[in-house]
Amino acid sequence: MSSQYEDKKRYLIKKKLIKSLAGLTFKMHKAGFNHKDFYLCHILINMDDKGESFRLYIVDLHRANLNGRVKLYFRIKDLAALNYSAPKGIINRSDKLLFYKAYQGKGNYTLYDKFVIWCILKKSQKIFRHERKKIEV
């Protein structure tokens with residue numbers, strides 16, 4: 001049985017991981033990179049022995065594009081792939097909203113942000129339907 005202290009520690013590490021991934025994703029897009037296959041399995045975590053500090057690495061870059069600016073379509077595609085691959089029992093809605101706020105670097109949602117979130121959710125549903133078709137075949 002885990003103690004309340006361990007639960008709190010795990011929660012804080014999870015928040016830190018989410019914010020770090022959001023920052024890394026933002027930097028990737030700001031630098032002009034879009035991954036095209038940006039699922040959580042393409043994020044490696046190198047954590048210290050105590051589980052207190054870590055570094056994130058993006059892998060499987062063979063399909064990545066480098067452009068001057070990442071268009072909204074490709075940002076939505078990358079963010080939807082992350083959303084789709086987030087483990088359902090571990091990452092909840094508030095974690096996803098925390099990620100988006102950290103990605104955007106602001107606290108309040110504008111109408112534009114709500115539109116982008118809606119697009120991300122729609123694209124996530126398309127990915128789900130596509131993956132389900134592959135399984136059924």
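Here the structure is a predicted model, which is why all the values come from computation and not from measurement.
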Are [Y] and [X] connected in a single hydrophobic cluster, I mean Ile/Leu/Val/Met/Phe/Trp/Tyr linked by side-chain heavy atoms less than 4.5 Å apart?
{"X": "L121", "Y": "I127", "answer": "no"}
{"X": "L40", "Y": "I18", "answer": "yes"}
{"X": "L17", "Y": "L12", "answer": "no"}
{"X": "Y103", "Y": "L21", "answer": "yes"}
{"X": "F128", "Y": "I120", "answer": "no"}

Contacts of type ring pair (Phe, Tyr, Trp, His ring centres under 6.0 Å), residue F99, not counting sequence neighbours: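 Ring pair (Phe, Tyr, Trp, His ring centres under 6.0 Å) list for F99, sorted by chain: empty.
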Closest heavy-atom pair and its distance - [X], [Y]:
{"X": "L66", "Y": "A31", "answer": "CD1-O, 3.6 Å"}
{"X": "A102", "Y": "A22", "answer": "CB-CB, 3.6 Å"}
{"X": "N92", "Y": "S94", "answer": "OD1-OG, 2.8 Å"}

Name every donor-acceptor pair, under 3.5 Å, that has one atom in a side chain of residues 53-60 and the other anywhere in the protein, sequence neighbours excluded.
residue: S53; atom: OG; partner: D48; partner atom: OD2; Å: 3.2
residue: D60; atom: OD1; partner: H62; partner atom: ND1; Å: 2.6
residue: D60; atom: OD2; partner: H42; partner atom: NE2; Å: 2.9

Considering only residues two or more places apart or on different chains, which pairs with a residue in residues 111-121 satisfy side chain to side chain donor-acceptor pair (under 3.5 Å)?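 For residues 111-121: Y100-D113, Q104-D113, K106-D113, T110-D113.
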Pairs meeting criterion side chain to side chain donor-acceptor pair (under 3.5 Å) with involvement of residues 66-80, two or more places apart: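 Checked against side chain to side chain donor-acceptor pair (under 3.5 Å) - neighbours excluded - the pairs reaching residues 66-80 are H29-D78.
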Between [atom1] on residue [X] and [atom2] on residue [Y], distance to nearest 0.5 Å:
{"X": "E6", "Y": "S3", "atom1": "CD", "atom2": "OG", "result": "4.0 Å"}
{"X": "S20", "Y": "I45", "atom1": "OG", "atom2": "CD1", "result": "9.5 Å"}
{"X": "H35", "Y": "L79", "atom1": "NE2", "atom2": "CG", "result": "13.0 Å"}
{"X": "H130", "Y": "Y84", "atom1": "NE2", "atom2": "OH", "result": "9.5 Å"}

Applying side chain to side chain contact (heavy atoms under 4.5 Å, CB included) to I13 and K16, what does each step give before you reach the verdict? CA-CA 5 Å; I13 290 170; K16 190 175 176 184; 5.5 Å; no
Qualifying residues under side chain to side chain donor-acceptor pair (under 3.5 Å), relative to K96, sequence neighbours excluded: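 With sequence neighbours excluded, K96 shows a side chain to side chain donor-acceptor pair (under 3.5 Å) to N83, given in chain and number order.
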Taking side chain to side chain donor-acceptor pair (under 3.5 Å) as the definition, give me every residue that meets it alongside K14, ordered by chain and number, with sequence neighbours left out.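 For K14, the residues satisfying side chain to side chain donor-acceptor pair (under 3.5 Å) (neighbours in sequence not counted) are D95.
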Taking G107's backbone N and O only, do any of them form a donor-acceptor pair with K101's side chain (distance below 3.5 Å, no angle check)?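 Yes.
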Please check if the number of heavy atoms outside L111 that lie under 6.0 Å from its CG is greater than 12.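 No, CG of L111 has 12 or fewer neighbouring heavy atoms, counting only those of other groups under 6.0 Å.
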Working for side chain to side chain contact (heavy atoms under 4.5 Å, CB included), residues F38 and M28: CA-CA 11 Å; F38 201 45; M28 178 180 82; 4.0 Å; yes
Quick one: is the NZ or CZ of K36 closer than 6.0 Å to the six-membered ring centre of Y39, and within 45° of its axis?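 The answer is no; the distance or angle limit is not met.
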